[in-house]
Amino acid sequence: MSSHKNSYRPPAVEFPRFREDEEYDLNFCFLVPDEIQSERVKLVPFIPSSHTEQYLLGTKDHPELYRYLPYGPFKDKEDFYCFIQERIATDPGTVLFAIIDKTKPDPERPVQGGTFAGVIAYLNTLPLHLSTEIGHLLILPAWHRTFLTTNAVGLLLRQGLELPENGGWGLRRVQWQANHRNKPSVRCAERMGMKMEGIIRWQRILQSWMEGEVARPGDALESLPGRHTAMLAMCWDDYSRETNEALMARQA
């Protein structure tokens, strides 16, 4: 009689400690421009030593910003650095950007070219399949219901979907995932021209304090809610530079 065994063990994962005195490595699978900008908004790679203080200052009194995010609020700088190391810096499919409002100069940081207003990222980027995702979007309260979100998302759509001859990466697909309960996020994606592709049921397990679906009795992780995920996307044959630029030019 043949026999078998299963020697699987979860791999040990060690994340290098981030040091402010070292040059930050984006570690991303595509060449990242120093700036991606429209008339009013600029995206620059998020550099922890330059942007963390502004991020924490802007979010510290607003825990509601993390309602649908799988992380945060962050206790302090070290807590945030752990997030950067575990979810951003060590993943070659993810790069985080600082969103800068060019219409509001920051007198304390004139070289920044404006005021820090939030963050946005590419994630789940797969060069083999010419695809990526827009996420990790957090806009500080002063910029809610303004032109900022439309411009930040529009800039990443442009960079991702434009052909290399036009300055982009020439991707075929840019997707967007959101908790199906997060109606503002779904509406934002649809406003930008993304198409709803469906609801992926029970896609993720959430932390106990997060808003989600109740698991069945006897579930191995019964105390943890689940997430039904809305999947939207814009593909190369949906994208129009003219439409995208017009959306970014709107007042709000």
Side-chain angles (χ1 to χ4, degrees), residues 12-29 32 34-36 41-101 104 106 108-109 111-125 132-144 148-149 152-153 155-156 176-179 182 184-185 188 204-212 224 227:
V13 179
E14 294 185 6
F15 298 105
R17 183 176 176 82
F18 173 75
R19 291 180 53 181
E20 290 185 341
D21 60 345
E22 293 181 344
E23 184 178 26
Y24 181 66
D25 184 359
L26 296 180
N27 185 37
F28 188 61
C29 55
V32 180
D34 292 337
E35 298 178 346
I36 306 172
V41 171
K42 177 171 64 173
L43 305 182
V44 298
F46 189 100
I47 307 302
S49 59
S50 300
H51 298 121
T52 296
E53 180 182 343
Q54 298 175 76
Y55 177 93
L56 293 176
L57 183 63
T59 59
K60 68 182 181 68
D61 295 326
H62 300 282
E64 72 279 2
L65 295 173
Y66 298 96
R67 179 180 178 185
Y68 292 110
L69 293 174
Y71 46 79
F74 300 103
K75 300 187 297 290
D76 51 31
K77 184 167 65 173
E78 290 302 315
D79 192 24
F80 183 71
Y81 281 174
C82 286
F83 161 75
I84 291 292
Q85 285 300 101
E86 293 177 12
R87 287 183 173 264
I88 309 295
T90 52
D91 180 1
T94 299
V95 62
L96 188 67
F97 294 91
I99 307 173
I100 306 298
D101 179 359
K104 293 185 177 181
D106 184 343
E108 295 183 12
R109 303 173 182 87
V111 297
Q112 186 167 268
T115 299
F116 179 90
V119 295
I120 193 170
Y122 287 118
L123 64 157
N124 294 325
T125 307
T132 191
E133 179 176 331
I134 294 174
H136 293 309
L137 176 61
L138 187 149
I139 304 298
L140 299 184
W143 285 271
H144 287 184
L148 195 92
T149 301
V153 175
L155 287 170
L156 290 194
W176 180 288
Q177 299 190 66
N179 189 318
N182 189 352
S185 179
C188 174
R204 301 185 189 181
I205 292 176
L206 304 176
Q207 297 301 315
S208 59
W209 66 85
M210 299 178 70
E211 190 173 325
L224 301 180
R227 185 176 109 165

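Counting from 1, the numbers follow the sequence of the chain as shown.
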Peer 1: Might you confirm whether atom CD of Glu64 has over 12 heavy atoms from other residues, nucleotides or ligands at distances under 6.0 Å?
Peer 2: yes
Peer 1: Considering only heavy atoms from C-beta outward, does the side chain of Tyr24 approach that of Pro45 to under 4.5 Å?
Peer 2: no
Peer 1: Are Tyr66 and Trp209 packed together at the side-chain level, in the sense that at least one heavy-atom pair is separated by less than 4.5 angstrom?
Peer 2: no
Peer 1: Sequence neighbours left out, what passes side-chain contact (heavy atoms from CB on, under 4.5 Å) with Asp61? Give chain and number order.
Peer 2: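 In terms of side-chain contact (heavy atoms from CB on, under 4.5 Å), with neighbours along the sequence ignored, Asp61 is linked to no residue.
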Peer 1: Under the salt bridge (Lys or Arg N to Asp or Glu O under 4.0 Å) test, which residues partner Arg109, sequence neighbours left out?
Peer 2: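 Expected list: Asp106.
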Peer 1: Go through the structure and list residues passing salt bridge (Lys or Arg N to Asp or Glu O under 4.0 Å) with Lys77, not counting sequence neighbours.
Peer 2: Glu20
Peer 1: With Asp101, which residues qualify under side chain to side chain donor-acceptor pair (under 3.5 Å), at least two apart?
Peer 2: Thr103, Trp143
Peer 1: Do Gln177 and Arg227 have side chains that get closer than 4.5 Å, going by heavy atoms?
Peer 2: yes
Peer 1: With sequence neighbours excluded, tell me which residues meet ring pair (Phe, Tyr, Trp, His ring centres under 6.0 Å) with Tyr71.
Peer 2: Phe83, His136
Peer 1: Any side-chain heavy-atom pair from Asp34 and Val44 closer than 4.5 angstrom?
Peer 2: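 Result no, sub-4.5 Å side-chain heavy-atom pair not found.
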Peer 1: Would you call Ile99 and Leu43 a side-chain contact if the rule is heavy atoms closer than 4.5 Å?
Peer 2: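 Yes - at least one pair of side-chain heavy atoms lies under 4.5 Å apart.
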Peer 1: For His144, give me all partners under side chain to side chain donor-acceptor pair (under 3.5 Å), at least two apart in sequence or on another chain.
Peer 2: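 Once residues adjacent in sequence are excluded, His144 has no partner under the side chain to side chain donor-acceptor pair (under 3.5 Å) criterion.
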Peer 1: For Glu35, enumerate each residue passing the salt bridge (Lys or Arg N to Asp or Glu O under 4.0 Å) test, keeping only those at least two apart in sequence or located in another chain.
Peer 2: Lys42
Peer 1: Provide the closest heavy-atom pair for Asp79 versus Pro73 in the form atom of the first, atom of the second, distance.
Peer 2: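 Closest pair (atom of Asp79, atom of Pro73, distance): OD2-O, 4.1 Å.
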Peer 1: In the structure I gave you, are the side-chain heavy atoms of Ile100 and Gln112 within less than 4.5 Å of one another anywhere?
Peer 2: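 They are in contact (side-chain heavy atoms under 4.5 Å apart), so the answer is yes.
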Peer 1: Tell me, please, which residues at least two apart from Phe46 pass ring pair (Phe, Tyr, Trp, His ring centres under 6.0 Å).
Peer 2: His51, Phe80
Peer 1: Quick one: list whatever passes salt bridge (Lys or Arg N to Asp or Glu O under 4.0 Å) with Asp91, sequence neighbours left out.
Peer 2: none
Peer 1: Any non-hydrogen side-chain atom of Val95 less than 4.5 Å from a side-chain atom of Cys29?
Peer 2: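 When only atoms from C-beta onward are counted, Cys29 and Val95 do not touch, as no gap falls below 4.5 Å.
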Peer 1: Would you please name every residue forming a side chain to side chain donor-acceptor pair (under 3.5 Å) with Thr149, sequence neighbours left out?
Peer 2: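 By the side chain to side chain donor-acceptor pair (under 3.5 Å) rule, Thr149 matches no residue at all.
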Peer 1: Which residues pass the side-chain contact (heavy atoms from CB on, under 4.5 Å) test with Pro92, sequence neighbours left out?
Peer 2: Asn27
Peer 1: Could you tell me the separation between the CD1 atom of Ile84 and the CG atom of Leu96, rounded to the nearest 0.5 Å?
Peer 2: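 These two atoms lie 5.5 Å from each other.
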Peer 1: Kindly write out the residues that satisfy side chain to side chain donor-acceptor pair (under 3.5 Å) with Thr115, not counting sequence neighbours, or none if the list is empty.
Peer 2: none
